[in-house]
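Data block below; observations after.
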Amino acid sequence: MTVRGIAILGSTGSIGTTALTVLDRHRDRFRVAALTAFSNDALLAAQAARFEPGFVGLVGDAQKCGPGWSAGEGCLIEAATRDDVDIVLNAVVGSAGLGATMAALDSGKRVALANKESLVMAGDLVMEAARLGGGELVPVDSEHSAILQCLAGRPASEVRRLVLTASGGPFRDWDAGRLANATLADALRHPTWRMGRKISVDSATLANKALEVIEAHYLFGVPYDRIEVVVHPQSVVHSFVEFVDGSVLAQMGVPSMELPILYALTHPDRVADSGVPEFDPVALSPLTFEPVRRDAFPCLDLGIQAGRSGRAAPAVFNAANEQAVALFLGGTIRFADIARAVESALAQLGGLPGGTRDDILAADASARRHVQELY
Ligand code: NAD
Ligand code: MG
């Protein structure tokens with residue numbers, strides 16, 4: 001069996017550390033060839049000591065680099081394009097991941113994509129890079145992994161609808177009055193998933209689900225009017241595909257990112273994994289479904305509308321959201337201000353051109369500035 005070299009970008013985060021837990025069980029199949037992180041040098045050093053990658057990069061703090069490490073923003077591209085790397089797991093959070101997604105696809109790598117933001121910002125360019133560079137984009141997001149598994153290679157023309165499940169986040173049943181006073185601690189208390197802070201807030205506003213609808217549109221080539229969202233608080237059904245003949249397939253499993261990460265590395269094959277518990281439908285029941293409260297979570301429709309508008313609108317949505325979430329995490333703005341900031345940025349900048357990488361980066365910068373200036 002060929003052992004495949006993996007670069008993990010963002011190895012110190014929630015997805016990165018989960019990936020290393022999985023890879024530890026599959027050392028016969030995969031070799032960790034490169035690791036990068038932004039700032040957590042102590043954890044990165046421990047990971048490097050355990051997995052002995054040929055490349056270690058610390059993006060944010062050159063002073064804290066260990067011996068032989070690389071520093072600076074270039075680390076991501078360097079790790080993503082190395083000759084000994086076959087698969088790039090992009091687990092960086094936010095638009096900082098775009099360059100590496102593009103570079104890895106340009107050089108013909110498989111990208112196991114957790115960094116959905118890069119696909120949302122520049123969906124057409126990323127899909128084109130995959131086509132032209134001979135690379136391959138495989139989702140890590142659990143919903144998209146589920147859809148990929150249910151599709152099993154069938155074309156978009158056989159799909160009637162994709163239905164993404166959403167846990168509903170920590171505020172699923174909060175009324176408007178309570179939501180207006182939601183604190184940061186409330187927003188970070190996700191009922192079913194343990195994740196990084198940015199995606200946890202995105203799950204509370206449902207901006208994450210909007211990002212995922214756009215992600216699904218690009219990955220699977222399905223138009224927006226055939227992608228729907230349903231709330232499923234138990235996070236056991238990871239998504240559904242309804243085919244044109246009325247058959248509906250769902251992929252299920254305990255809420256854990258270990259399977260979607262491993263599957264992104266082995267797709268279309270499946271490998272035995274001792275780390276995943278046996279599925280117990282009785283213990284996991286009941287499984288319930290309910291409509292999204294769209295008025296309570298305006299980020300969902302703002303994002304889907306941005307996706308439909310095209311051009312730079314998805315990049316503006318993404319950047320405004322990132323900037324607003326950063327302000328919320330820093331205690332500068334309130335929970336409801338996130339949606340207000342995103343709406344304002346889209347109203348002002350949603351029509352910007354998005355045909356080139358420079359257009360996208362300019363729109364991203366303008367949207368961040370716009371939100372910064374609101375507060
Ligand atoms: P996290 O905050 O836990 O980790 C982010 C990682 O990115 C860290 O290693 C950090 O050092 C690195 N990083 C941050 N800023 C960087 C920069 N400017 N340049 C280079 N590296 C940088 O986040 P996470 O929860 O692991 O999420 C990572 C990505 O995966 C996000 O795009 C998220 O939407 C997606 N995702 C996460 C989950 C989950 O369960 N956590 C599920 C699906 C998708
Ligand atoms: Mg998801």
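For ligands, and for the atoms within them, numbers begin at 1 and follow the listed sequence.
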Task: Atom name of the N, O or S atom in E143 that lies nearest to the Mg ion (ligand 2) - done: OE1

Open item on the list: Please work out, at 4.0 Å between heavy atoms, whether the side chain, the backbone, both, or neither of I15 comes within that distance of ligand 1.
Closed with: both

Open item on the list: Only heavy atoms of A96, strictly under 4.0 Å: list the atoms of ligand 1 that pass.
Closed with: 17 (C), 18 (N), 19 (N)

Open item on the list: Side-chain heavy atoms nearer than 4.5 Å, only ILVMFWY residues, links allowed to pass through others: does that put I147 and L265 together?
Closed with: no

Task: Of all N/O/S atoms in E212, the name of the one nearest the Mg ion (ligand 2) - done: OE2

Task: Atoms of ligand 1, numbered as shown, that sit under 4.0 Å from any heavy atom of E117 - done: 31 (C), 32 (O), 34 (O)

- [ ] Indicate yes or no: does an N/O atom of L76 lie under 3.5 Å from an N/O atom of ligand 1?
- [x] no

Task: For G13, atoms of ligand 1 separated by under 4.0 Å from a heavy atom - done: 1 (P), 3 (O), 4 (O), 8 (C), 9 (O), 26 (O)

Open item on the list: Within the 4.0 Å heavy-atom shell around T12, which atoms of ligand 1 are there?
Closed with: 8 (C), 9 (O), 11 (O)

Open item on the list: Show the nearest heavy-atom pair for residues N115 and G97, with the distance to one decimal.
Closed with: OD1-CA, 3.5 Å

- [ ] Examine D141 against ligand 1 and note whether any of their N/O atoms are separated by less than 3.5 Å.
- [x] no

TODO: Just jot down the ligand 1 atoms closer than 4.0 angstrom to any heavy atom of A37, in number order.
DONE: 11 (O)

TODO: Please write down residue, atom name and distance for the protein heavy atom closest to atom 25 (O) of ligand 1.
DONE: G196 N, 2.8 Å

Open item on the list: Counting only nitrogen or oxygen atoms and a 3.5 angstrom limit, does F38 reach ligand 1?
Closed with: yes

- [ ] Please round to the nearest 0.5 Å and tell me the distance separating atom CD of Q234 and atom OG1 of T288.
- [x] 3.5 Å

TODO: Could you check which N/O/S atom of D141 is closest to the Mg ion (ligand 2)?
DONE: OD1

Open item on the list: Any heavy-atom pair between the side chains of D24 and R50 that's under 4.5 Å?
Closed with: yes

Open item on the list: Any side-chain to backbone donor/acceptor pair from H144 onto E212? Under 3.5 Å, distance only.
Closed with: yes

TODO: Say whether, by atom type as modelled, one donor and one acceptor occur between the side chain of S145 and the main chain of P139 under 3.5 angstrom.
DONE: no

Task: L249 side chain near S247 side chain, heavy-atom distance below 4.5 Å - done: yes

Task: Side-chain touch S11/L44, heavy atoms, less than 4.5 angstrom - done: yes

